[in-house]
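Here is the structure we will look at.
Throughout, numbering of the chain's residues begins at 1 and tracks the sequence.
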Amino acid sequence: AVVSTQSAITAGGGLGKFGSDMTVFAPTCFLGSKYYDWLQESVHPDRLSQGTSYCCCVDMVTGITIDNDDENQCSMSLDGGSGGCGKSCMQYAVPAIIEKVMAEQDEMDDSLLL
């Protein structure tokens with residue numbers, strides 16, 4: 001998910017949903033899967049949020065801010081964007097997706113042991 005998202009952001013010249021002026025602010029995926037982390041700790045929610053990063057609660061499948069509401073679902077990252085998030089988005093974590101990703105990782109770990 002990150003690779004295609006970064007490509008889409010780069011291709012759009014930083015005018016995409018997450019507005020990327022530095023690729024370090026690109027969205028992250030849950031445990032390297034194709035799903036987004038429900039809490040994005042260091043993103044730009046829109047193309048106008050340059051200069052500092054934000055924490056946003058996002059949909060694990062689409063990566064879009066919950067309810068498409070940047071104002072209520074995003075807050076400025078702690079320490080001017082360099083350290084973590086002061087909000088929790090656990091209510092937006094999708095247990096079925098988490099279980100699926102964890103099972104897939106267990107399968108891969110088991111296959112590596114053979």
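- With sequence neighbours left out, the side-chain contact (heavy atoms from CB on, under 4.5 Å) criterion links I98 to F30, W38, M60, A93, M102.
- Under the side-chain hydrogen bond (donor to acceptor under 3.5 Å, both in side chains) criterion, K100 pairs with Y35, not counting sequence neighbours.
- Here SG of C56 is found 10.5 Å from CG of D69. Values are rounded to the nearest 0.5 Å.
- Heavy-atom contacts from other residues, nucleotides or ligands closer than 6.0 Å to CD of Q91 number more than 12.
- Although no hydrogens or angles enter the test, the distance criterion places a donor-acceptor pair under 3.5 Å between the side chain of Q40 and the main chain of T28.
- With sequence neighbours excluded, the residues satisfying side-chain contact (heavy atoms from CB on, under 4.5 Å) with S88 are M90.
- Closest heavy-atom contact between C29 and S33: CB-O, 3.2 Å.
- Here the NZ atom belonging to K87 is positioned 8.0 Å from the SG atom belonging to C55, to the nearest 0.5 angstrom.
- Panel note: side chain Q105, backbone L31; a donor-acceptor pair is recorded below 3.5 Å.
- Cys pair C74 and C57 fails the test of SG atoms under 2.5 Å apart.
- E99 CD to D106 CG: the interatomic distance, rounded to the nearest 0.5 Å, is 11.5 Å.
- Among residues two or more places apart in sequence or in another chain, the side-chain hydrogen bond (donor to acceptor under 3.5 Å, both in side chains) test is passed with D67 by none.
- We find the CD1-OH distance between I64 and Y36 to be 8.5 Å, quoted to the nearest 0.5 Å.
- Proximity of V61 to D59: side-chain heavy atoms (C-beta onward) are separated by under 4.5 Å at one or more points.
- Using a 4.5 Å heavy-atom cutoff, the side chains of V58 and P27 are not in contact.
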